[in-house]
Protein chains: 2
Amino acid sequence: MMMQEILGPRDKQVLEAVIIDYIRTGDPVGSRTVAKKYITDVSPATIRNVMADLEELNLLYRPHASAGRVPTSLGWRYYIDSILTINQLAKRDRERIKKAYEGSPKEIQTLLRATSRILSELSKQAAVVLLPKLSQTIFKRIQFVRVNQNQVLTIFIAESGIVQSFLVHIDEDISQDELNKYSRYLSESLKGLSLLEVKKRILKEMEEERILFDRLLRKAIELSKKALQVGLDETDIVIEGQTNLLNYPEFADVQQMKKLLATFEEKTKIIRLLDKCLSSEGVHIILGSEAEFQDVQDMSLISSTYSRGGDILGALGVIGPTRMDYSRIIPLVDYTAKLLSQIFEDE
Amino acid sequence: MMMQEILGPRDKQVLEAVIIDYIRTGDPVGSRTVAKKYITDVSPATIRNVMADLEELNLLYRPHASAGRVPTSLGWRYYIDSILTINQLAKRDRERIKKAYEGSPKEIQTLLRATSRILSELSKQAAVVLLPKLSQTIFKRIQFVRVNQNQVLTIFIAESGIVQSFLVHIDEDISQDELNKYSRYLSESLKGLSLLEVKKRILKEMEEERILFDRLLRKAIELSKKALQVGLDETDIVIEGQTNLLNYPEFADVQQMKKLLATFEEKTKIIRLLDKCLSSEGVHIILGSEAEFQDVQDMSLISSTYSRGGDILGALGVIGPTRMDYSRIIPLVDYTAKLLSQIFEDE
DNA sequence: TTTAGCACTCATCTCGATAGAGTGCTAATA
DNA sequence: TATTAGCACTCTATCGAGATGAGTGCTAAA
């Protein structure tokens, strides 16, 4: 972006002042306010001139003629990329996050739920955590447990310790002993592959060598094929603290509120959004006004990834109004993601 | 209640008319409306007299002097108990419910989720489904699956086909073969007991015969004790369609809306409410104004139980504004509960 | 017992006036 | 040349007065 060269230090100061005040109040901010609270050594008139420039650059705009200025999405983007300095997360917050993890057991589901809870609590906004994609996890072991004559519980255990289970229907009764044999065979022959590869392998084997198979193999493979059908596609997501958002005056309007909640109810959109974040490490910021989820205007997503041994497992983040305190939320998301990764590493 | 004797047929007619119109519109209903739309053979003045009587009996009240009448909680109760005639659920609805179950597999979690979905969809309100209490389920089999050196997945399988699993942490590494032995031993010796009894038994055995135990038994019992600690207390509940309620004008006020959502977020209250319903079969109706969950005024709960072989497994219901169409919702809840029970029976 | 008529109450809607916040422009100033 | 003071202007939000209308209770007549 060229913009850096164009804006002088005063322009930056004013833009920052407008944004900071707007974050605090949510109201358009006028020249008087800026001159009084942020840049006391010049008069409102001077500020006005600067503001007029910023408006021309499409960094600020006015809702109506006699209102103050509000940042545009370009304004937000510029602020985030070129003005905002990110401090370390406050020690108090760091310790609260650590504490949140201490009590809970190291099961993935519980861990991620704890994450979303602490994120939404500290950010006072909605937290989202994307669970590791099943299809990408590395297969370690499979276990079949007979429930009754036509139901078998299938458990996948991943290298990373992630456990996922599904109930599978079968037509023919199979004893637990036999199931154990299947488990052992499959676990050994498929170890180390990703679930996606596992699925491919199974399909291939079934096609090609159909005749050669003994009964045991055929059964085992059929069973795990069924299990994979059930569980592989769905990406899971945990969302918490939506109601935090209702405290923001921008959603005070009932219509807005309904839209907002409807968006959260339809999780696929948010999943798609977070999916993008999965492609690279580090903190991503997506402004609602810029892209994707425009149904709910003036929402933004701050997200990062958590990983284990260099492999990205999933993503986590905070969704809130575009006017949120980035200087607090960015370190929060960043720190949480890193801590969570570390916990996985330690296992 | 004495009330039946006191009210004449015209009183009943008027009360019913007021309630029906109020259900439709949500606005206080005046004498003119009743005379025009429901009881056309008398004049508004007559209706007014009757209404005045009903107001004296505390069955109706006026929000303010020049508004129409609105039913009181006593009025609702009287209407539900003594006036309302419950028809069979419309054939169309019955078929839609049946269809909703057809596709899905017969796993309990999925089944109950499908239930809440179809309930909230047809009622256009919030649906709640209380999952069977773990402590009351009859133990059938236990299975341990080694995840890694300090995690074991424990799976309880109940007589009813309900499957529940938890991750348990252990200090000492145990091989899968050994775990299988434990599973077999415990499954055989504890079969047929309720989980609560299982827990008691385990505690007792550990206390009394500590010295006699061989290593295998001790381990097994320790493990299942740990598993029971994790999973036994939490009662699970599925709530769906809260946002349906936001369409009702009574919650158009932002304050009300927040309260409503906060109530749903804190699930324990709703669990306690449904717990009551578990004590006896059949449809229960709890008016918010009468009791318990007064935080959100003018909400009501219509619930029933689902069971298998005479044992009540759990409860399901619909939460909506008190002003809801009971003549539709009651058969809906009733039918769904019976159908769900039947599905469990068939297994 | 029912009804018509009437006076009365009260919430809600409309409309205009007013206040206030904020701007842009111009001319004066450093 | 950059800054500032002053001023006219625009637009929104708010408040109160008055009109509207729905609904009632009461009284007297049918």
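Hydrogens, waters and symmetry mates play no part in the numbers below; they use all other heavy atoms, side chains included. Order of the sequence lines fixes the chain letters, A, B, ..., with proteins taken first and strands second; residue numbering starts at 1 for each chain.
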Near-strand residues of residues 27-52 of chain A, defined as heavy-atom separation under 4.0 angstrom from DNA chain C: A/G30, A/S31, A/R48, A/M51
Sequence-distant partners of B/D275, side-chain hydrogen bond (donor to acceptor under 3.5 Å, both in side chains), two or more places apart: none
B/R328 side-chain N/O to B/L122 backbone N/O, donor-acceptor pair under 3.5 Å: yes
B/S66: side-chain hydrogen bond (donor to acceptor under 3.5 Å, both in side chains) partners, not counting sequence neighbours: none
For A/L274 against A/S303, the heavy-atom pair lying closest together: CD2-CB, 3.8 Å
Pairs where residues 238-250 of chain B contributes a residue and the test side-chain hydrogen bond (donor to acceptor under 3.5 Å, both in side chains) is met, not counting sequence neighbours: A/K258-B/N247, A/E265-B/T243, B/S116-B/E240, B/R117-B/E240, B/Q125-B/Y248, B/E250-B/R323
Polar side-chain atom of B/R69 near backbone of B/E55 as donor-acceptor pair, under 3.5 Å: no
B/R32 atom CZ: more than 12 heavy-atom contacts under 6.0 Å: no
Residue pairs passing the ring-ring contact (aromatic ring centres under 6.0 Å, His included) test where at least one lies in residues 318-337 of chain B, sequence neighbours excluded: B/W76-B/Y326
Separation of atom CG in B/L54 from atom C1' in D/dG25, rounded to whole Å: 16 Å
Separation of C/dT23 C1' from A/L60 CG (nearest whole Å): 14 Å
Spacing between A/D53 atom CG and C/dC25 atom P, to the nearest angstrom: 12 Å
Contact under 4.0 Å: A/R69 side-chain N or O vs C/dT23 OP1/OP2: yes
Nucleotide-resolved protein contact map, nucleotides 11-17 of chain D, B/S/- at heavy-atom distance under 4.0 Å: BS-----
